[in-house]
Amino acid sequence: MKSYDHKKFDVYWQEKWLNNRIYETPKFPGLKKVYVLDMFPYPSGEGLHVGHPKGYIATDIYSRFKRMNGFDVLHPMGWDAFGLPAEQFAIKNKIHPKVAVQKNIENFEQQLFNIGLDYDWSREIDTTDPKFYKWTQWIFTKLYEKGLAFESNEPINWCPSCKTGLANEDLDGNRCERCGSVVEKKPLRQWVLKITDYADRMLADLDTLNWPEGVKIAQKNWIGRSEGAEFNFELIDGPVKSVRIFTTRADTLFGATFVAVSAELAQSWINSGFKMSEEIKKYIATTLEEQKKENDYSVIPEKTGIFTGIYAINPVNQEKIPVWIANYVIGGVGTGAIMAVPAYDDRDKDFATLYKLPIKEISLDKTVEEMISKFKGEKVVRYKIQDWVFARQRYWGEPFPVVRDEKGKVYMVDESELPVLLPEVESYEPTDNGESPLAAITDWVNVKGYITDKGTFKQSDDGKIFIRETNTMPQWAGSSWYYLRFADPHNDKALIDPALEKAWLPVDVYVGGDHATRHLIYARFWHKFLYDIGVVSTIEPFSRLEFLGFILAEDGRKMSKRWGNIINPDDVVKEYGADTLRVYEMFMAPFEQTAAWSTSSIKGSDKFLDRVYNLQKKISTESTVQTELHKTIKKVTEDIESFKFNTAISAMMILVNSMEAGSFTKEDYLLLLQILAPFAPHLTEQVWCELKNDKSVHIGSWPKFDEKKIVEKEVTITLQIGGKMRGTFIVPFQSADNILLEESKKTDGYKKYVGENEPKNVIIVPNRLINIVI
RNA sequence: GCCGGAGUGGCGGAAUGGUAGACGCGCACGACUCAAAAUCGUGUAUCGCAAGGUGUGUGGGUUCAACUCCCACCUCCGGCACCA
């Protein structure tokens, strides 16, 4: 049992803060602004477990800290509420996703509120709100205008279980990231966004970001820029005049001993009428089938191939070399054809060894550049990143603001008629044929109207019939720009007012889990596009990124219904109070590190807060803790700024230990309350207001540490002899070297290990250490 | 295979190249109590009665001094993957 009733404090202050609007952000910031943002959650039906609020607690501490330091803080919260789970819930229970989502949001709000988070709820947003997705649709129309959104019929990844097309980023290997089904390649009419146009800028601007190095590297690899060249190899009696190969090693062209093409390319030759033997056809078919199948990436598949009977001419020496079909050459990568140089490429070497093809060593005396210019190569930059497959054949997403006329010509819906509302349907079931459930609603799909002078579509009852686009946008659409909306959440004339954009953006600190190669790629892409059309004034959306480590269950597994190991923050708040939950989650491990929950360890944080509360009974007029107090203020200030919450708390624990053992004044105690306030807002507010008769600790100013007080009067010097620790002694701060040496001679350690011998060398680190070398 | 990150007590973890294990949990003993819980106090890397020795994944190196820097390797976690 604690000495105070945390339930009373929690509820009292949470309501009071709400009523006094102490966390409401001004429309425009003053001199100092900071925009602190959490990756907004998907409001699932299961509610929060204790892992979810970890990041929110951190941003809460950070924004309270900044507010106390005189900043105007934008710290908002919203809901990323489109997506498959709500839809699947709807299908199962025949409840409209909107209804389920609303209920879940209310539950989430209450759970977050109970933790005492300082969000400005007047700025709450929801991606499924038509007032919000109006602007998601608007961005799409702008992308289309600039030629960055286009339709394609290329085969795309199709998840047979989710019954929708997917982007490369939605895959885990060759499985659907959501459900784990192996995806198929399926030709499907698709909306695609030209993210590749921004690849170079996204790569270059990574350097400007204060992000964890690992994320930057992951993005760099995902974008996967490679510089190389393409060369034409003429074919003798082939299906086409020449085959085009891509290489990053043009300098090895003289060592090419065969050409290898993908089964896909060979199939296209057959499709266009070229005759090949049954054996070859069979090989192509089985290879294509194999490549579709599940890959175990830990094992490199065995290489197979077949000779086509065709020969190619190496453009650098007119040598006649055979053309093979090989399973290690993959359609869709590069040109789908390579020149094989077994002497300088391990894969080519394996293949050549297997099929007894020649391996030719050469002298590499020409540079890549020389080879390109001399042998009519073409310099080519390739990216691993693919254009963003942007349409989903599902119900619960943003409708496209797109119609077609009877000839199939595409028009964007006029801006004045946005948003295109997501209609009610009877069945949310997806279909097998790649049609969205929306396609079944004929009186929505067929819409009368006309084309304006600007070339956009407007509705009119006496107009011609147009057909609406029935796909919806992917889950990542809303989250690609939502952070902009918080600065101007109720604007219905523009996505964001330019003055507010300049005032608040960019996000100064962005906190969340690992979305290195999806959300953080997509949002950067859209932000750069919005920069190009003048909506935003910064080239990057998130200046600083802090990753959070997840909280595992006590058994070391992920918290999940399936394992029955979920810990609900509501229960923890009830038993220990919001402050204890907050302090414990920040103390349990370094912020960015994954750690397991411990029901016994949390008691330590609870005890700590109780001791802080009880300290007020010990207030005296003498202080023995000045140095330590000011050291702690310094440490906590620095640690919050760098997200080292665990060591900040540890420093405060050390201070409290000293305060218990020694004596301290009321002023000392109030300073402790102030630096603890961001971590434990309820308890500190209660005691602060009682003792000081002040309005709120949270709008007061952050304590400044006194540099003079941090300086110790006496320091403990470590005595080393020959590098080994042989004792300690105490001297006044900043004692001269000769004093240190004299003092060290008085120690037992010196007498024992040095005695009358003359030291070879003496190394002195002022205020710290003396090392006598013998 | 490539690219990241990490290996420290029974556990979570702390250490600008300068007393390794701060702080917390757990455990042991003691105080309070009829008793228990809570609370408080003391102890808690390891070998040794002690003096002292050994210890931060392994093996080398640099240095007066290495968890920290360099080289080689092992293990675990994450990402990418026959990308030409």
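Predicted model only: the values in this text are computed from it and were never measured. In what follows, chains carry the letters A, B, and so on, assigned in the order in which the sequence lines appear, proteins first and then strands, with residues in each chain numbered from 1.
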| field | Distance below 4.0 Å between Lys752(A) side-chain N/O and A51(B) OP1 or OP2 | value | no
| task | Taking only the side-chain nitrogens and oxygens of Tyr753(A), find out if one of them lies under 4.0 Å from OP1 or OP2 of A51(B). | result | no
| Should the pair Glu641(A)-Arg544(A) be classified as a salt bridge under the 4.0 Å nitrogen-to-oxygen rule? | yes
Roughly how many Å apart are [M] and [N], using the [atom1] atom of each and rounding to a whole number?
N      : M      : atom1 : result
U19(B) : C77(B) : P     : 34 Å
G4(B)  : C73(B) : P     : 15 Å
C40(B) : U75(B) : C1'   : 44 Å
A22(B) : A45(B) : C1'   : 14 Å
A14(B) : C69(B) : P     : 16 Å
U68(B) : G61(B) : C1'   : 15 Å
C32(B) : A38(B) : C1'   : 11 Å
U44(B) : C34(B) : C1'   : 31 Å

With respect to the side chain of [X], which nucleotide from [options] is positioned closest?
X         : options                : result
Ser600(A) : C82(B), G18(B), C25(B) : C25(B)
Arg611(A) : A84(B), C80(B), G24(B) : G24(B)
Lys724(A) : U54(B), C3(B), C82(B)  : U54(B)
Thr647(A) : A15(B), A84(B), C23(B) : A15(B)
Val333(A) : A81(B), A84(B), A22(B) : A84(B)
Asn221(A) : U16(B), C3(B), A84(B)  : C3(B)

Give a yes/no verdict on a cation-pi contact between [X] and [Y], requiring under 6.0 Å between NZ or CZ and the six-membered ring centre and an angle within 45° of the axis.
X         : Y         : value
Lys603(A) : Phe608(A) : no
Arg726(A) : Tyr753(A) : yes
Arg382(A) : Phe246(A) : yes

Contact class for [X] vs. all strands (heavy atom < 4.0 Å): base, sugar-phosphate, or nothing?
X         : result
Thr716(A) : base
Lys760(A) : nothing
Met725(A) : base
Asp346(A) : nothing

| field | Complementary nucleotide of C2(B), counting Watson-Crick and G-U pairs under 3.5 Å | value | G79(B)
| note | Minimal heavy-atom distance between Ala263(A) and Ile284(A), with the atoms involved, is O-CG2, 3.6 Å
| query | Between Ala337(A) and Leu265(A), what is the shortest heavy-atom contact and its length? | reply | CB-CD2, 4.0 Å
| query | When syn is taken as a glycosidic angle within 90 degrees of 0, is G9(B) syn or anti? | reply | syn
| First encountered from the 5' end of RNA chain B, between Arg726(A) and Lys635(A) | Lys635(A)
| Between G1(B) atom P and Arg347(A) atom CZ, what is the distance in whole Å? | 15 Å
Specify whether [X] and [Y] have parallel, tilted or perpendicular ring planes, treating 30° as the upper limit for parallel and 60° as the lower limit for perpendicular.
X         : Y         : value
Tyr355(A) : Trp324(A) : tilted
Trp597(A) : Tyr584(A) : perpendicular
Tyr328(A) : Phe351(A) : tilted

Nucleotide N/O to protein N/O under 3.5 Å, stretch nucleotides 63-66 of chain B:
unit_1: C64(B); atom_1: O2'; unit_2: Asn771(A); atom_2: ND2; d: 3.3
unit_1: C64(B); atom_1: O2; unit_2: Asn771(A); atom_2: ND2; d: 2.4

| said: Under a 3.5 Å cutoff, is there a donor and acceptor pairing between the side chains of Asp639(A) and Thr647(A)? | reply: yes
| said: With hydrogens left out and only the distance checked, is there a donor-acceptor pair under 3.5 Å joining Lys303(A)'s side chain and the base of C82(B)? | reply: yes
Using nucleotides 6-13 of chain B, report all nitrogen or oxygen pairs with the protein that are shorter than 3.5 Å.
unit_1: G12(B); atom_1: O2'; unit_2: Met588(A); atom_2: O; d: 2.3
unit_1: G13(B); atom_1: OP1; unit_2: Gln593(A); atom_2: NE2; d: 2.3

| request: Assert yes or no for the condition that the ring centre distance of Phe547(A) to Trp211(A) is strictly below 6.0 Å. | output: no
